[in-house]
Every structure is written in structure tokens, then in C-alpha cells.
**Student:** 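The structure under discussion is supplied below as C-alpha cells; questions concerning it will follow.
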Amino acid sequence: MNTLATVLLSALPLAAGWAVHVRWLHGCLNTARRDPLTGLRTRDGFTCRATALLKDPRAVVVLADVDKFKHINDTYGHAVGDALLKATADRLTHHVGRTGVAGRLGGDEFAAVLIDDHGTAGDLLAVLHGVLARPVEGQDPAVHTTVSLGWVRGADFPADGLSALLRRADEAMYAAKQARAGLRRAGLGRLFATLAGRRVGRTGARTDAPVVGVAA
């Protein structure tokens, strides 16, 4: 056996070991980027995929917040609250489909980026709003709530990155929650600065900042 063949054969175990190690690291990274309760991507994992999707001019950014979630937890217990969050995540994932991405930003707040192939995002999200309000399977029918949604088309604000678009969707969602409208699209007005990036009405936000305009 020549020297080259000997070297190659001796390197095979090392290469195989490195391949296994890389797969293990990849699995650890995927696990770290998944929320253990819902299986959705966490903020970091969501940000990575969502940023890539925003290169598509058909991309729509959605922010969802469960209404009266604290009341559900306080009344029925945290196990029931967890079941509600899991159901919300599953329904959101199904609605977004394989071309989009959904993530849990924390607590009862979720985000998604979907690809609007037919320009009917408003109608699609109205359907989603109804789906998210259904009772949770396997739970008392009384255990249900609505989910407030705010959304924005990335193409309406070509200079905005994911962070700014999420803030616009967040403003629209909060306006929908206050008006009990269920669903709002972010308006074309200026996105006013708030302290630490918090929307008006949240802890840390400027009290003198006007609310961004929204359109139904």
C-alpha cells in the first residue's frame, strides 16, 4: 500500500468523527432555537429565518398576542394556559405553511412572516383570527380566548428591517386589542420612536409619543 493510501485510510476515522460532531452541534443549535413548550422557533431562530423571507416582496409580518391570557392562567391554572399556548402555536404554524415561519417571542406573544401569493393577506388573517379563537381540543370549552393580530406588508416599508416591521405590526396589534377589533393592518404613517423600542402603552415607552396610524 502506498503512502498516500495509508494517509487517506488513517484520516477516515477522524473525518467520520468530525462529521458526527458537526451533526451533534447542528442538533444542539436547532434545539436551542426551539421553544420547548410550543416547538416554535425562539426569537433568535425566528429572526434568522424571517430576515431571509423579507427579501421576498410578497412577505407579510404578523404579530399575535393572546387576549386575557393572565385571566386564563389565574382561573384555570398554568397547565391549561400552556395548552392554550401550544394550540395557538400549532394553529399559527399550520396557517403560515411551509413557505413562512412562526416564532414565539416570549410569554403569550407570537410572530410570523408569511408569503402572500395572491395579495389576500387581510382575508387570510381574518380567517386565522377566527381559527385562533376556537376552544382548545381536550380542554373545557370555556377555556378559550381571542388573539389580537397586527400585520404589515414588508413592501410598504422597503427601508425597514425586521425589527422596525415588527414594531409597526406591534403598534397595529395593540390598537386592535384596545379597540377589540381583533385585527389591524399597520398604517402608512411615521413610526414614532419610543424608549427602548417599546410601543406606546408598554412599560418603558415614552408617554408623549403619538400612536402610529393604523388602517383596518
**Student:** With hydrophobic residues grouped by side-chain heavy-atom distances under 4.5 Å, do F157 and V61 end up in a single group?
**Tutor:** yes
**Student:** Between R153 and D116 (salt bridge meaning N to carboxylate O under 4.0 Å), is one present in this structure?
**Tutor:** yes
**Student:** Does F46 reach the side chain of L105, with side-chain heavy atoms less than 4.5 Å apart?
**Tutor:**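 Touching, per the 4.5 Å side-chain cut-off.
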**Student:** Check whether any side-chain heavy atom of F110 lies under 4.5 Å from a side-chain heavy atom of V62, and answer yes or no.
**Tutor:**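 The answer is no, as the side chains (C-beta and beyond) never meet within the 4.5 Å cut-off.
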**Student:** Flag yes if V136 and F69 sit in one hydrophobic cluster, no otherwise; membership is Ile, Leu, Val, Met, Phe, Trp, Tyr, and two members link when side-chain heavy atoms are under 4.5 Å apart.
**Tutor:** yes
**Student:** Are a donor atom and an acceptor atom from the side chains of S148 and D67 found within less than 3.5 Å of each other?
**Tutor:** yes
**Student:** With the side chain counted from C-beta on, respond yes when T93 and V96 share a heavy-atom pair under 4.5 Å apart, and no when they do not.
**Tutor:** no
**Student:** Indicate yes or no: at least one non-hydrogen side-chain atom of T51 is less than 4.5 angstrom from one of T47.
**Tutor:**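 T51 vs T47: side chains touch.
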**Student:** Can D90 and H94 be said to form a side-chain contact (heavy atoms from CB on, under 4.5 Å), step by step?
**Tutor:** CA-CA 6 Å; D90 291 344; H94 178 77; over 6 Å; no
**Student:** Does any non-hydrogen side-chain atom of D65 lie less than 4.5 Å from one of D108?
**Tutor:** yes
**Student:** Hey, what do you get for NZ (K177) to OG1 (T146), rounding to the nearest 0.5 Å?
**Tutor:** 7.0 Å
**Student:** Do the non-hydrogen side-chain atoms of L125 and R185 ever get within less than 4.5 Å of each other?
**Tutor:**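 No - every pair of side-chain heavy atoms lies 4.5 Å or more apart.
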**Student:** Membership question, hydrophobic clusters at under 4.5 Å side-chain separation (ILVMFWY): are V66 and L37 in the same one?
**Tutor:**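 Shared cluster, yes.
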**Student:** Same cluster or not: are L124 and L183 linked, directly or through other Ile, Leu, Val, Met, Phe, Trp or Tyr residues, by side-chain heavy atoms under 4.5 angstrom apart?
**Tutor:** no
**Student:** Of the non-hydrogen atoms in R184 and A175, which two are nearest, and what is the gap between them?
**Tutor:**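 Here R184 and A175 meet closest at NH1-CB, 4.2 Å.
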**Student:** From R168 CZ over to M173 CE, what is the distance, rounded to the nearest 0.5 angstrom?
**Tutor:** 15.5 Å
**Student:** What heavy-atom pair brings L149 and A176 nearest, and what distance separates the two atoms?
**Tutor:** O-CB, 4.0 Å
**Student:** Would you name the heavy atoms of P57 and A155 that are closest together and state the gap between them?
**Tutor:**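 Taking P57 first and A155 second, the nearest heavy atoms are O-CB, 3.5 Å.
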**Student:** Which heavy atom of L40 sits nearest to which heavy atom of A89, and what is that distance?
**Tutor:** CD1-CB, 3.6 Å
**Student:** Can you name the closest pair of heavy atoms from R91 and R134 and give their distance?
**Tutor:** NH1-O, 3.0 Å
**Student:** Show me the donor-acceptor pairs, under 3.5 Å and distance only, between side chains in residues 71-84 and residues at least two apart or in other chains.
**Tutor:**
residue: H71; atom: ND1; partner: T75; partner atom: OG1; Å: 3.4
residue: D74; atom: OD2; partner: K70; partner atom: NZ; Å: 2.7
residue: T75; atom: OG1; partner: H71; partner atom: O; Å: 2.7

**Student:** Do the side chain of H95 and the main chain of H129 share a donor and acceptor less than 3.5 angstrom apart?
**Tutor:** no
**Student:** Check L92 against A112 and note the closest heavy-atom contact, atom names and distance.
**Tutor:**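 Distance-wise, the nearest heavy atoms are CD1-CB, 4.3 Å.
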**Student:** Taking L166 as the starting point, is it possible to reach I115 by hopping between hydrophobic residues whose side chains are less than 4.5 Å apart?
**Tutor:** yes
**Student:** Without hydrogens or angle criteria, can the side chains of T38 and D35 be said to hold a donor-acceptor pair below 3.5 Å?
**Tutor:**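 There is such a pair (donor and acceptor under 3.5 Å, judged by atom type) between the side chains of T38 and D35.
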**Student:** Check whether any side-chain heavy atom of D170 lies under 4.5 Å from a side-chain heavy atom of E109, and answer yes or no.
**Tutor:** yes
**Student:** Should L165 and V113 count as side-chain neighbours, where that means a heavy-atom distance under 4.5 Å?
**Tutor:**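 Counting from C-beta outward, L165 and V113 never come under 4.5 Å.
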